Protein chains: 2
Amino acid sequence: MPKLLGVLGGMGPLATADFMRKLTELTPASRDQDHIPALVYSNPQVPDRSTAIMGRGESPLPALLDGIARLQNAGAEAIAIPCNTAHYWYDEMAAASRVPILHIVGSVCDLLRERGIDSGAVGVMGTAGTLHTGIYQGYLQRSGYHCVLPSDTEMAELVMPGIVSVKAGDLASAKRKLGDAARRLGDRGARMIVLGCTEIPLALADASPEATARYVDSTAALAQACVAWAHGRRGTAET
Amino acid sequence: MPKLLGVLGGMGPLATADFMRKLTELTPASRDQDHIPALVYSNPQVPDRSTAIMGRGESPLPALLDGIARLQNAGAEAIAIPCNTAHYWYDEMAAASRVPILHIVGSVCDLLRERGIDSGAVGVMGTAGTLHTGIYQGYLQRSGYHCVLPSDTEMAELVMPGIVSVKAGDLASAKRKLGDAARRLGDRGARMIVLGCTEIPLALADASPEATARYVDSTAALAQACVAWAHGRRGTAET
């Protein structure tokens, strides 16, 4: 039997479905049996990650640790979490886990390098929580990139409202806001733009080929790290 | 906490991702926390269902029963199986399960009635295994419909090759074959056409509005039955 991948999802649920689709599409396969077996715990009731980081809500950590324990107890041999913001609690989750947790930001760095980008200005769009914690800034700067972020106004008027629109199922409105925020990062010199919240690729799925060529989709990056893990290859995502 | 839905998936894995997306889209929600928690066991290694029914391969029943047991042991309170052909073993799975298994064909009948169709000719496309077992024919005839099926030649040249193309990731080729098979059922009098294999809606996702209006998507029907279950409403899918 191939190794069982655990997925701690539901943050949000549409992003988890998108992750499962990308995991399937990125796996070389000609029939069902070639695909990676997975156990997905989609728990949309995990308290909002950004709100907690900004000091205005309940911590999601107990729910995250409960999810890690459930997946492990059910036989998962590695765990992926298709939510960037939840990676703020990565160290606590990794300490509580007997199996490796693939790191979404590490997988984004692997994908940047695979696309031939190993320095220069890289834009990052994510939740207020993700950007506040600095996980992308730290990882990217240590890897030799210069990080370009949305301004406070762009976060308040474009990025966060765009993410909220995806969670409410309004992809058309989300696309306008998030596409605009991405263009502004490009105008400020970003060669590539990390879609560093797994809701964002849902809104920008049918962007123009020129825009898409600049996007680095964190959901697809994590899925690719899972395919590498299943096939016994290691990358930065496995720490 | 809301009730935990179990999903026995991976047959195929892309259909399971599509089911998760439709479950999310059909749930009335404005934020993550409004969605249905789910535990999805995606096991693409289940032996091929059609091949077994046609007497040419290993039975998937032990793998299906193992999946049901895993989901139950992990706390699932009802189970959905986004694979029509696997419902040939419904009685054995239901007998082994302490929790209800929502029936995909029952959910299709509920959706037909909800769309105002309660008699007349209904076309069904599915795997050779599904059509051979007669589960759709029996259910539809008992519910007052007349069943229109693809001919043996259409099954061999259009429907089965179309389903195999989806499993191999070639959606464009699948769309031509399955769209052609659906048109032929319409030409023979079918008012509505059941997409009675969860791979088929993946290929016909961007069909014309006229064609889409006639399709009854078994994946969406099952997702809708799960939303009804989560919200305490009962339908034919819960037997």
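Keep in mind the model is a prediction, meaning the values are calculated, not measured. Below, read A as the first sequence line, B as the second, and so on, with proteins coming before strands; counting in each chain starts at 1. Reckoned from all heavy atoms, side chains included, excluding hydrogens, waters and symmetry mates.
Applying the side chain to side chain contact (heavy atoms under 4.5 Å, CB included) criterion to A:A230, with sequence neighbours excluded, gives A:I36.
With chain B as the partner, the residue from A:G169, A:P13, A:A168 showing the most heavy-atom pairs under 4.5 Å is A:P13. Of all the listed residues (A:P37, A:G12, A:G10), the one sharing the greatest number of non-hydrogen pairs under 4.5 Å with chain B is A:P37. Comparing B:A15, B:A17, B:G9, B:P47 by how many heavy-atom pairs each has under 4.5 Å with chain A, the most go to B:A17.
With a 4.5 angstrom heavy-atom cutoff, A:L202 touches chain B only via side-chain atoms. Within the 4.5 angstrom heavy-atom criterion, no atom of A:I163 approaches chain B. Neither the backbone nor the side chain of A:V166 comes within contact range of chain B; no heavy atoms are under 4.5 Å apart. At a 4.5 Å heavy-atom cutoff, B:V7 makes no contact with chain A through either its backbone or its side chain. When heavy atoms are compared at a cutoff of 4.5 Å, B:L8 does not approach chain A at all.
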So which N and O atoms of chain B and chain A form donor-acceptor pairs under 3.5 Å?
| from | atom 1 | to | atom 2 | distance (Å) |
| --- | --- | --- | --- | --- |
| B:D32 | OD1 | A:K167 | NZ | 3.3 |
| B:D32 | OD2 | A:R49 | NH2 | 3.0 |
| B:D32 | OD2 | A:K167 | NZ | 2.9 |
| B:Q33 | O | A:Q45 | NE2 | 2.8 |
| B:Q33 | NE2 | A:V46 | O | 2.9 |
| B:H35 | O | A:Q45 | NE2 | 2.8 |
| B:A38 | N | A:S42 | O | 2.9 |
| B:A38 | O | A:S42 | N | 2.7 |
| B:V40 | N | A:V40 | O | 2.7 |
| B:V40 | O | A:V40 | N | 2.7 |
| B:S42 | N | A:A38 | O | 2.7 |
| B:S42 | O | A:A38 | N | 2.9 |
| B:Q45 | NE2 | A:Q33 | O | 2.9 |
| B:Q45 | NE2 | A:H35 | O | 2.8 |
| B:V46 | O | A:Q33 | NE2 | 2.9 |
| B:R49 | NH2 | A:D32 | OD2 | 3.0 |
| B:R70 | NH1 | A:A74 | O | 3.3 |
| B:A74 | O | A:R70 | NH1 | 3.3 |
| B:K167 | NZ | A:D32 | OD1 | 3.3 |
| B:K167 | NZ | A:D32 | OD2 | 2.9 |

